[in-house]
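Presented below is the structure to which this report refers.
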Amino acid sequence: MVSLFNTLSKKKEIFSPEDGTTVRMYNCGPTVYDRAHIGNLRAYIFSDTLRRVLSYVGFNVLQVMNITDVGHLSSDQDSGEDKMTKGLKREGLPLSLEGMKELAERYTLLFEEDLSSLNIIHPDVMPRATDHIPEQIDLIRRLEEKGFTYVIANDGVYFDTSKDPNYGRLGGLTPISEARDSAVSSFKHGPRDFALWKFNKNMGWESPWGKGFPGWHIECSAMSMKYLGESFDIHTGGIDHIPVHHNNEIAQSENATGKPLARFWLHNAFLTINEEKIAKSIGNALTLPNLTKQGITPLSYRYWLLTAHYRSPINFSWKALAGAHTAYEKLKSRISNMPTGGSLDIAYDAKFRSYIGDDLNTPKALSLVWDIIHDEDVAEEVKRATILDWDAVLGLQLNETKDVNIPEDVKELLHRRKLARESKHWDTADSLRSEIEKKGFLVKDTPEGQKLVKK
RNA sequence: GGCACGAUGGCGAAGUGGUAACGCGACGGUCUGCAAAACCGUUAUGCACGGGUUCGAUUCCCGUUCGUGCCUCCA
């Protein structure tokens, strides 16, 4: 049994897919204008964990994650600076559709790289916004036919939130402040109205209303419904999406179709650094390669995230990451020393299922891993089999043993040290040990002889 | 300013109306020629502060303080 915290109802609800077998799930994906930082990546580790949990308990999962590869290549008072525009300027690319395409390809590739190094299962469909312009136009047209839109000349097509009595049903709306209201309403009919299409005389796509670019929310509505149907099971995203993006998505989709867009809405909390959110403007936007440079592997990062609940903020520090890294390496090494051939421990697995089924309590699941390791009543091969089974949910590649490549000269030093130790020439042995250390390896003396660990 | 949310040991972080998981670190031990590693053990009389409800609160309620997020795009 799986219960999930649904932002719509603000409580945990028992989940099962509408059709009883296949979960149709949509995850808000990245805007590919820059390398994802580790905070962004938390959202994808979360959606991946969700997918793995749903599979583990026996559902099929059809997962769709969008790639936002379009901006509107202009800045205006309603939007702040367009992210794609920002990216183009930063990389010295031309402000054009071609430039945008190049930028998007560059960062889509890096995003795929990040997903794979985090052992995130590739979503079944990763649609790009620019490949779905007709679908977006079609959705706007449906809204127009039903009278939910208005056009502002030389600006765009807008969604009229005053026509939707249910607008904001996901919550998170904050009262309109007087100052903002007066600044914004100079051109929009209502302060919460949002663009469905932005005009641009010089570039963009043709549409019934004029050349331009799709608005900032329409792509998710168009693509989720195309691949998952007009009504699907789960929609996820970062907690920041609740007030604007997801309320807008709901308004667009549900007013066009007359059906609820998603039954469950799930949102992950932020990762903070020094109790502060991650933002490029603060200069704390670490990426995966930044972690790797400090010796923290992507999977150690994943392990660390799993020690916190997805709806709790987690606070980054190098100390915390180093601790997680040590724990993760220890865990793998213990498992690799356990014999194979065991079978799943049913009692422990029942606990595991109840933890992950309780709104994805990965911290408890992880503590259970350590519990079973320390449990003297469980056979070693059973521990191994059980933990590796759980790894389908944890996604930590606990079965991977890294082969250490030992250079020839180090092998030679090792051999000499072995001889020195056998003849009890401790000074020689110790100096050989420090020589090996200079070459980047730590020597461990185990009952089975010398072992090397990369520093 | 408005609206939310949060405050648990040196660090990260679970959790519960009945007396605080797990990991890292630290300390002690076993092992070792010495180390390292590994393994074993110990490690919050306490869950921001002040009240209240209760037989009993870290857990519920009220207030205070502090912090963060949102109110422009943002995982």
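Chain naming here is simple, since letters A, B, ... match the order of the sequence lines and numbering starts at 1 in each.
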Base, sugar-phosphate, or nothing: which does A:L271 touch, judged by heavy atoms less than 4.0 Å apart?
base
Can you find a side chain N or O atom of A:N361 that sits less than 4.0 Å from OP1 or OP2 on B:A14?
no
Enumerate all atom pairs, one protein N or O and one N or O from nucleotides 6-11 of chain B, separated by less than 3.5 Å.
none

Charged N to carboxylate O below 4.0 Å: is that the case for A:E91 and A:R106?
yes
Please answer whether the main-chain N or O of A:L396 pairs with a side-chain N or O of A:D391 as donor and acceptor at a distance below 3.5 Å.
yes
Using the C1' atom as the reference point in each nucleotide, state the distance between B:G69 and B:U45 in Å, no decimals.
35 Å
Quote, to the nearest angstrom, the C1' distance that separates B:C11 from B:G2.
35 Å
Has A:Q136 got a side-chain atom pairing as donor or acceptor with A:A129's backbone, closer than 3.5 angstrom?
yes
So A:H241, base contact, sugar-phosphate only, or nothing? Heavy-atom distance under 4.0 Å.
sugar-phosphate
Give the ring-plane orientation class for A:W265 versus A:H267, where under 30° counts as parallel, over 60° as perpendicular and anything between as tilted.
parallel
Expressed in whole Å, how much space separates the P atoms belonging to B:U43 and B:A21?
11 Å
Counting side-chain heavy atoms from C-beta on, which of B:A14, B:C39, B:G23 comes nearest to A:K364?
B:A14
What residue pairs, at least two apart or across chains, pass salt bridge (Lys or Arg N to Asp or Glu O under 4.0 Å) with a residue in residues 293-322 of chain A?
A:D48-A:R302, A:R311-A:D359
How far does the C1' atom of B:A36 sit from the matching atom of B:C31, given to the nearest Å?
12 Å
Within the structure shown, what part of the strands sits under 4.0 Å from A:H325 by heavy-atom distance: base, sugar-phosphate, or nothing?
nothing
Roughly how many Å apart are B:C61 and B:C24, using the C1' atom of each and rounding to a whole number?
37 Å
B:A14, OP1 or OP2 - any side-chain N/O from A:S312 closer than 4.0 Å?
yes
What interatomic distance, in whole Å, is found between P of B:U65 and the corresponding atom of B:C49?
16 Å
Both A:A322 and A:L41 contact RNA chain B. Which one's nearest nucleotide lies toward the 5' end?
A:A322
Would you say A:H374 places a side-chain N or O within less than 4.0 Å of OP1 or OP2 belonging to B:G41?
no
Can you tell which of A:T161, A:N248, A:N247 makes a side chain to side chain donor-acceptor pair (under 3.5 Å) with A:Y167?
A:N248
Using the ring centroid of each side chain, check whether A:H189 and A:Y150 are separated by less than 6.0 Å.
yes
If you compare all heavy atoms of A:S221 against all heavy atoms of A:Q252, which two are closest, and at what distance to 0.1 Å?
OG-OE1, 2.8 Å
Using the P atoms only, state how far B:U58 lies from B:A20, rounded to an integer number of Å.
11 Å
Remember a base hit wins even if backbone is also touched, and classify A:V244 as base, sugar-phosphate or nothing at under 4.0 Å, heavy atoms.
sugar-phosphate
Considering heavy-atom distances to RNA chain B, does A:G323 or A:P30 have its closest nucleotide positioned more toward the 5' end?
A:G323
Expressed as a whole number of angstroms, how long is the span from A:E376:CD to B:C39:P?
14 Å
What string of B, S and - do you get for nucleotides 27-37 of chain B 5' to 3' if you count protein non-hydrogen atoms under 4.0 Å?
------BBBBS
Between C1' on B:A38 and CD1 on A:I373, what's the gap in Å once rounded to a whole number?
13 Å
Using Watson-Crick or G-U wobble pairs with both distances under 3.5 Å, give me RNA chain B in dot-bracket, 5' to 3', with [ ] for crossers and | for pairs to another strand.
(((((((..(((.....[...)))((((((.......))))))....(((((..]....))))))))))))....
Is the distance between the ring centroids of A:H246 and A:H217 less than 6.0 Å?
no
Looking at every strand, decide which applies to A:F46 at a 4.0 Å heavy-atom threshold: base, sugar-phosphate, or nothing.
nothing
Is a side-chain donor-acceptor pair under 3.5 Å present for A:Y44 with A:D114?
no
A:K364 with A:D358: basic N within carboxylate O range, under 4.0 Å
no
Does any pair with a residue in residues 369-381 of chain A pass salt bridge (Lys or Arg N to Asp or Glu O under 4.0 Å), and if so which ones, sequence neighbours excluded?
A:E380-A:K383
Quick one: side chain to side chain donor-acceptor pair (under 3.5 Å) partners of A:D164, sequence neighbours excluded?
A:N255
Please work out if A:G237 contacts a base, only the sugar-phosphate, or nothing of the nucleic acid, heavy-atom cut-off 4.0 Å.
sugar-phosphate
